[in-house]
Amino acid sequence: MSAPASSSAAAGPVPARWPRLRRPDPVALLALPAFAYLAAAYGWPLLILLARSLSGPDGISLAPFATFLSDPFSWRVIGNTVRTALLVTLVCLVAGYPAAVALARARGAVQALLLLSVILPLSVGVVVKAYAWQIVLRRDGVVSQALVGLGIWDAPQRLLFTETGLVIGAANVFLPFMILPIYAVIRLIDPRLSEAAATLGASPLRRFLTVILPLTLPGIVSGIAFVFSLAVSMYVVPSLVIGDRYQTLATLTGRAFLFMRDEQLGSTTAVILLVIAVAVVVGSTALARRLGGGQS
Amino acid sequence: MTDPGFLTVAGAEKRFGASVVLGGVDLAVARGEFVSLLGPSGCGKTTLLRIVAGLVAPDRGRVVLDGRDITRTPPHRRDVGVVFQNYALFPHLTVAENVAFGLKAKGHRRADIPAAVARFLDLVQMASFAERRAQALSGGQQQRVAVARALAVQPKLLLLDEPFSALDRKLREAMQIDLKRLLRELGITALFVTHDQDEALTMSDRIAVMNRGAIEQLADPVTLYRRPATTFALTFVGLSSRLAGTVREEGDGLIRVETALGTVWAPGRFRPGSPVLLGVRPERIRIGGAGPNAIEAALVEVAFQGARAHLFFAGPDGARTLLAEAPEIPAGAAPGARMRLSWAVEDTLVFPAEPAAQQEAA
């Protein structure tokens, strides 16, 4: 993910007359190892997966998709997947934006500390975090006790194995992926812009809505694309926090391959998941390009 | 100057940590006046401007604009426009949207905005760029848009923070004249921050020379140049020749000063025995000639500048401290030649010697 202008800057100067005769840039060869690795370890298996999802008993067919999509259970799984991913993204955005602003405004040691507190959790494995959330979300867990203590809940409740618990846990895991891209964009905004808006008569709220928010849009879109694509395909967190009774496309894909040994079903669900994730990432990027058109 | 207190800054003080950036500054600007804050970087001029704009809160002191105490008023309720050094145009908006920004923020009627935008873009000759993105403009064009944007909301006071510093010299000089004329035609009161003495002399009704968080002299350009109040004002504005000496005799408003290069007479009242610094503007020094103030010095270097020539002479300690300006390079002006320099008694400026007075030739 990158801001529109930086992607065009990366393309470099294009000779006007003979673009076809241009020799390949030798620096581009440096990308070869990474490209080869991705092609072998990711591209090739993906092609196999795609081929399998399209292969019926009589050659190429869309029958596996038709079968899968005709089952109401499948639609519930797709609904679960998209709904939790959207909720996780929303929670991350609402919690992450102010955090990114605070991070960008902080100075010196405070900023280093805040940045560390965002990045350090990334080094803790997802499995560890998910197990931790199992404990925290129990009926006698910290969250339940706190909410009862604050008088918000009358009696202790179990958040573990609920969709709310899943969203809370997943948002915690993916929050840095929302904060960091927004922070990176806010940091580049000239503080004089907000001051200029103030001297032109704009109140703090108006300055935020008409200057800061539009200028941070590329960061917001990056964050949304990151968090959504991570949340729509998460496997470990739902497996440990909500369990088998609540299926998402990712957990269903896992079950299909690992327990049901149904490679056809697994391939089909994996491709549907991929299509959803790609659609959201591509769509949000296009949106950002249109909304944030003229920025550097 | 019928109303010297249109903008009044009284006792403005600001510290950042242990360093005093402004140490109790007073300033009064009349309606329609163009006043420059001139000084080297770190002298507090930008801090003073930001205090007037409301972007920095003073630790002490008051700011009064048009009879209203605005010391605690947030910037968006001040009616003070600012043209920033880097222009700070909104990169996500077009030129027209930039100019309309303040009109919308101030709640102007939506139907009136396009006409106002067109009028101010016209004033700065940017009407044909209305639909461009701000970032697609050159520095000079961005500066014009920034001026139009700040003026469109019709502020009581316009602040300009080194608006020409990013432009090349030719363009800068043309735009200085344009801006000065525009502001005079609109009757705008302006406070202008610059470190460029030529810019300040060209544009200002009055200039406040700032040094180390204080205003050393506030005067019109001619007075500032001819009668600098401090050695800092002497050295920072314009070129000068300087000689240290000791007062030997005083009477009738004249003093006789003994210097390493001879005796010099100057107007002033100092007790005999006081150490003083004498200054003369280079164009007041004649090569040759006679009179009460005539000394001999060795020529070090000649710098031909087209319309005139600068001649540098060795001072008492051998350093290049004396500068004379001549319309032509005089005959026999070869490095090493000893030449006679003379000037009128009334052109001699006298300052009490400071222990830390800057002695290098400007």
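In what follows, every chain begins at residue 1, and chains take the letters A, B, ... in the order their sequences are listed. All values derive from a computational prediction rather than experimental measurement. Computed from heavy atoms alone, side chains included, the values below leave out hydrogens, waters and symmetry copies.
Contacts between B:Val80 and chain A at a heavy-atom distance below 4.5 Å involve the backbone alone (N, CA, C, O). Residue contact with chain A, scored on non-hydrogen atoms closer than 4.5 Å, involves the side chain of B:Asn86 exclusively. Residue contact with chain A, scored on non-hydrogen atoms closer than 4.5 Å, is absent for B:Ala152. Proximity to chain A (any heavy atom under 4.5 Å) is shown, for B:Leu93, by neither the backbone nor the side chain. Both the backbone and the side chain of A:Arg192 come within less than 4.5 Å of a heavy atom in chain B.
Of all the listed residues (A:Pro191, A:Ser194, A:Ala202), the one sharing the greatest number of non-hydrogen pairs under 4.5 Å with chain B is A:Ala202.
Nearest heavy atoms, B:His76 versus A:Pro204: CE1-CD, 3.6 Å. A:Leu193 and B:Pro91 make their closest contact through CD1-CD, 3.7 Å (heavy atoms, listed as atom of the first residue, atom of the second, distance). Shortest non-hydrogen contact noted between A:Ala196 and B:Arg149 is CB-NH2, 3.5 Å. Scanning both residues, B:Lys106 and A:Gly201, for their nearest heavy atoms gives CE-CA, 3.9 Å.
Atoms CZ and CZ, on A:Arg207 and B:Phe101 in that order, are 9.0 Å from each other to the nearest 0.5 Å.
Among the candidates A:Asp190, A:Val211, A:Thr210, the single residue satisfying the side chain to side chain contact (heavy atoms under 4.5 Å, CB included) test with B:Phe90 is A:Val211.
The number of heavy-atom neighbours closer than 6.0 Å to CZ of A:Arg83, taken from other residues, nucleotides and ligands shown, is above 12. The number of heavy-atom neighbours closer than 6.0 Å to OH of A:Tyr37, taken from other residues, nucleotides and ligands shown, is 12 or below. Residue A:Tyr235 places its OH atom among more than 12 non-hydrogen atoms of other residues, nucleotides or ligands, all under 6.0 Å distant.
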